[in-house]
Structures are given as C-alpha cells and as structure tokens.
Amino acid sequence: MQEIHLSKEELARYSRHIIIPEFNIEGQKKLKAAKVLVIGTGGLGSPMLLYLAAAGVGTIGIVDFDVVDDSNLQRQVLYSVKDVGRPKVEAAKERILGLNPHINVIAYNEHLSSKNALDIFKDYDVVADGTDNFPTRYLVNDACVLTGIPNVYASIFRFDGQVSVFNYNNGPNYRDLYPEPPPPGLVPSCAEGGVLGVLPGIIGSLQANEVIKVITGIGETLSGRLFAFDALNFSTKIFKIGKDKSNPLTGENATIKELIDYQQFCGIVPEQKQEGLKEITVQELKQKFDSKEDFQLIDVREKHEYDFVNLGGELIPLNTVLDNVNKFSRDKPVVVHCKGGVRSAKAIQALEEKGFTNLYNLKGGIVAYAKEVDESLPVY
Amino acid sequence: MAQLIIPTPLRKYTENAATFNTDSITIEQAIEELTTEYPDVKQHLLDGSGKIRSFIKVFVGEEDIRSLAGEQTELKDSDVVSIVPAIAGGTYDLLLTTHD
C-alpha cells in the first residue's frame with residue numbers, strides 16, 4: 001500500500017481522532033487511504049457524507065440523479081435554500097469540500113443501474129447504501145457481493161430505522177435477511193409514507209459509524225446483526241442474521257452470477273398508458289371551473305393529503321372507491337384526481353369494470369395543477 | 001404470556017396496537033391468533049398459502065425463527081416476538097418512486 005502521509009494541517013484537524021488510543025494515527029491514515037461510495041444523497045446520505053468528510057475519508061464517491069427540492073430540506077441537512085433546483089451531487093460535493101478540502105470527492109450525477117453499477121463500484125473499498133427504494137437496495141447488494149465489497153446498509157421508514165453491515169468478512173448479505181421485496185400494492189403507498197426528519201440524522205450517523213469501523217477495523221461491526229430503532233417509543237433492538245442456504249446469490253445453489261433487472265425483480269412494470277383511459281389536462285380542468293361547467297370532481301387521495309391541499313373535490317380515498325360506487329355520477333362528466341395521476345387511473349380502471357364510461361383522469365394530478373395553473377397551492 | 005411487537009407500518013391494521021399478548025404455544029398459532037383478532041393484518045403478514053411473507057422477518061428475542069424451528073418455534077412465557085418488515089426508504093414509500 002502506498003505510504004499515507006498526513007500534513008501538519010491534517011494532523012491538527014484530526015487530532016481528536018489521533019489522541020484516541022484505539023484509533024490513533026494508524027486509524028486516521030486508514031481513513032485517508034479509504035475510498036467510500038455513498039449511494040443516495042438524501043436523508044441518510046446527508047449526515048453520512050458530512051461525518052465521513054469531516055472524519056477524513058480520503059476519497060468519497062457520491063451517486064444520485066436527483067435535484068434538490070424544497071421538500072428535501074426537512075431532513076436533508078446537506079442542502080440550503082440556495083441549492084434548490086441544483087443537482088444533488090453537485091451541491092453535496094461543494095458542501096463537503098467546503099467542510100474538508102483535504103479529501104477527494106467524485107460525483108456521479110446518474111441513476112445507479114445494472115449497466116453502470118459494477119463499473120462504478122470496482123474503484124471503491126466500501127459502499128454505503130442510503131437509497132430509498134427496493135430495486136436499488138437489491139442492486140447495491142448484488143453488485144457488492146459480485147465485486148466483493150462490504151455494504152454498509154441503512155434504511156428508514158416513518159419512525160423506524162435499520163442498520164447492518166453486509167458482505168463483510170464472509171458475513172451475510174441483504175438477501176439472507178430479506179430474500180424478496182414486498183410486491184407492489186401490498187405495502188402503503190408513498191402518500192401514506194413519510195419520515196420523521198430527524199430519523200435519517202440518527203440512522204445515517206450510525207451508518208457513518210459503521211463505515212468508519214469497517215475501514216479502520218476497530219470495534220465490532222454490525223456484520224451478522226440487524227440494528228432496529230423505533231423512534232416513537234425509543235426501542236432499540238439487535239437481531240442476529242444468519243446465512244440462508246437458499247440465497248440465490250451466495251447460497252448452495254446460487255443462480256445469480258451477474259446483475260439482473262431489478263425493477264422486474266421487484267415486480268415493477270414500466271408505467272404504461274392505460275388502454276382507453278380518458279384524460280384531461282390541468283388547463284382543461286381550469287376551463288371547466290371557469291365556465292362553471294356541470295361536472296363532478298373526485299379526489300382519491302388520503303384525508304391527510306386532502307387536508308394539506310385540495311381542489312374542492314369530493315374525497316373518496318382509493319381503497320374506499322369500490323364501497324362508494326354510488327357516489328360517482330353516471331350522468332355527467334366525472335374528473336378523478338390524486339397527487340400525480342396513478343391512483344386516480346387505478347380508481348377509473350376499477351370503476352370502468354363496473355360500467356362507468358364518463359370518467360376522466362386528471363393528468364399529472366393536483367401537483368400538475370399547482371405547478372401549471374395555481375401556483376398559490378402548496379405541493380408535497 | 002409471550003408478547004408480539006407489531007411494526008409501525010402494520011399498526012394501521014391492528015387498530016394502532018403496538019403489542020399483542022398471546023398464550024399460544026407456537027409462532028404459527030400466535031400469528032393465527034393475531035390475524036383472527038385483526039383480520040386486516042393477515043394479507044400483509046401471510047402469503048396465499050399461509051406462510052409468513054419473505055419480506056417479513058420474525059425474531060424470538062434476537063434469534064431469527066428460521067434458525068429455530070420456523071413457524072413451529074415454541075414460545076415461552078417471557079418471550080418477545082418481533083415482526084420486522086423490510087423497509088426501503090423515507091422519501092417515497094416502501095415501494096418505489098414510480099408510485100404516485
């Protein structure tokens with residue numbers, strides 16, 4: 001290994017590490033020599049990147065394709081108001097280099113996919129998974145196993161957080177814990193999702209701690225164990241994770257030898273325009289309002305979304321639509337909307353099977369209406 | 001009496017109950033008792049053939065029931081049974097950004 005040298009400025013900066021006997025200058029040199037790839041620069045990536053940069057990880061790669069949005073600022077503490085609209089990796093790189101100019105930051109402003117993952121991963125020693133969806137979770141896991149890189153994992157949902165270390169020192173991987181993702185439709189939709197803003201701060205910091213332990217070799221990592229935190233009642237638990245003989249990646253009869261189609265694996269089919277679905281645009285809806293046309297407007301979101309912002313439609317949440325069929329008019333046009341147009345299309349599909357022919361889906365939902373017609377409405 | 005810990009994503013199907021006490025002898029019976037009390041939770045916990053879904057882990061104490069006797073794992077009085085579903089992220093949902 002190349003001799004790592006710490007400058008006078010670096011020694012001063014990292015002195016609080018260096019004076020810890022278990023850590024000392026050797027630990028600091030290991031951090032400087034390390035290359036860590038952080039997937040996702042959102043809620044988890046924010047504290048993780050700040051702490052890894054501050055701690056002096058020599059090379060940090062960051063992967064994200066998104067741009068900073070107002071709704072990110074509730075928890076993504078890397079960003080400021082002035083960053084809204086900027087690519088996240090660009091803003092993140094600037095922020096962490098501002099914190100520590102002694103490190104090297106490589107930004108990948110792209111979607112992590114089966115096409116680019118192995119190529120990006122091969123240059124790193126540790127991957128830290130802070131993504132927000134199942135296909136990318138399995139992609140990161142499989143790419144780490146195929147390239148032999150430890151995967152420091154963390155995940156959050158509402159008040160719950162999980163942390164573990166996968167594929168480290170011959171330990172288990174994510175597929176040993178969860179062989180398959182939930183099928184679409186069985187779990188709460190995004191509208192019912194959400195996350196307490198401080199939770200990724202807690203969990204992402206624990207994740208950074210595990211990254212540092214993997215790099216320096218100090219302490220005992222969460223390899224083979226799952227840490228679970230419930231912020232509501234402050235319960236913390238650690239569960240044991242064993243290897244699964246039927247793991248398709250590392251089990252006895254492993255079948256996965258290369259990256260697969262993770263969207264398909266997670267049961268997600270590309271969004272297709274529903275056959276015969278009648279749509280209206282937000283501008284056409286405004287015309288209907290303006291001309292006081294006789295039509296019915298139905299909102300199939302959840303009540304808490306309706307309370308946040310609405311267009312004055314009748315609230316019939318998607319999962320109650322079939323119990324309220326008689327509330328839908330059959331003798332005048334009915335415009336059905338949700339947040340972005342997916343749930344309303346599902347509602348229309350279900351109702352058309354009951355013989356309705358007068359239903360119109362609002363293209364882009366209330367978000368499109370707020371952006372294109374009435375900017376005074378808040379979006380979420 | 002053993003105690004089942006209901007994870008927050010499933011509490012909407014258990015009238016917000018966070019725990020469920022049971023005198024059942026096995027995990028299978030305890031889950032049957034839970035799903036009888038709260039029928040809505042059943043499809044989220046069990047697949048069509050009545051097995052615990054593969055994205056849900058059940059632990060007795062800190063042990064995965066897979067390393068014990070699976071759904072036939074016997075429960076002792078003081079056991080705490082944790083039901084731990086896979087979670088993916090906070091920005092959107094348990095699923096994916098393609099959902100609205």
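In what follows, chains are A, B, ... by sequence order, proteins preceding strands, each numbered from 1.
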Where B:Ile87 and A:Phe134 come nearest, the two heavy atoms and their spacing: C-CZ, 3.9 Å

Proximity breakdown for B:Leu10 and chain A, heavy-atom pairs closer than 4.5 Å: neither

B:Ile25 CD1: over 12 foreign heavy atoms closer than 6.0 Å: no

Side chain / backbone / both / neither for A:Tyr138 at chain B, heavy atoms under 4.5 Å: neither

Segment of A:Leu177 engaging chain B (4.5 angstrom heavy-atom cut-off): both

Donor-acceptor contact present, side-chain B:Ser54 to main-chain A:Pro179, <3.5 Å: no

Heavy-atom contact with chain A under 4.5 Å, split by part of B:Ser67: neither

Pair A:Lys237 + B:Glu62: basic N to acidic O under 4.0 Å: no

Check against salt bridge (charged side-chain N to carboxylate O under 4.0 Å, His left out), A:Lys243 and B:Asp64: CA-CA 11 Å; A:Lys243 287 193 170 186; B:Asp64 183 346; over 6 Å; no

A:Pro181 side chain reached by B:Phe55 side chain, heavy atoms, under 4.5 Å: no

Spacing of CZ belonging to A:Phe157 relative to OG1 belonging to B:Thr8, to within rounding of 0.5 Å: 7.0 Å

A:Gln162 to B:Val84 - nearest heavy-atom pair and separation: NE2-CG1, 3.4 Å

Centroid-centroid distance, A:Phe239 to B:Phe59, less than 6.0 Å: yes

Heavy atoms from other residues, nucleotides or ligands near NZ of B:Lys57 exceed 12 (cutoff 6.0 Å): yes

N/O donor-acceptor pair under 3.5 Å between B:Arg53 side chain and A:Glu180 backbone: no

Portion of A:Asp244 that has a non-hydrogen atom of chain B nearer than 4.5 angstrom: both

Side chain A:Arg137, main chain B:Ala88, donor-acceptor under 3.5 Å: yes

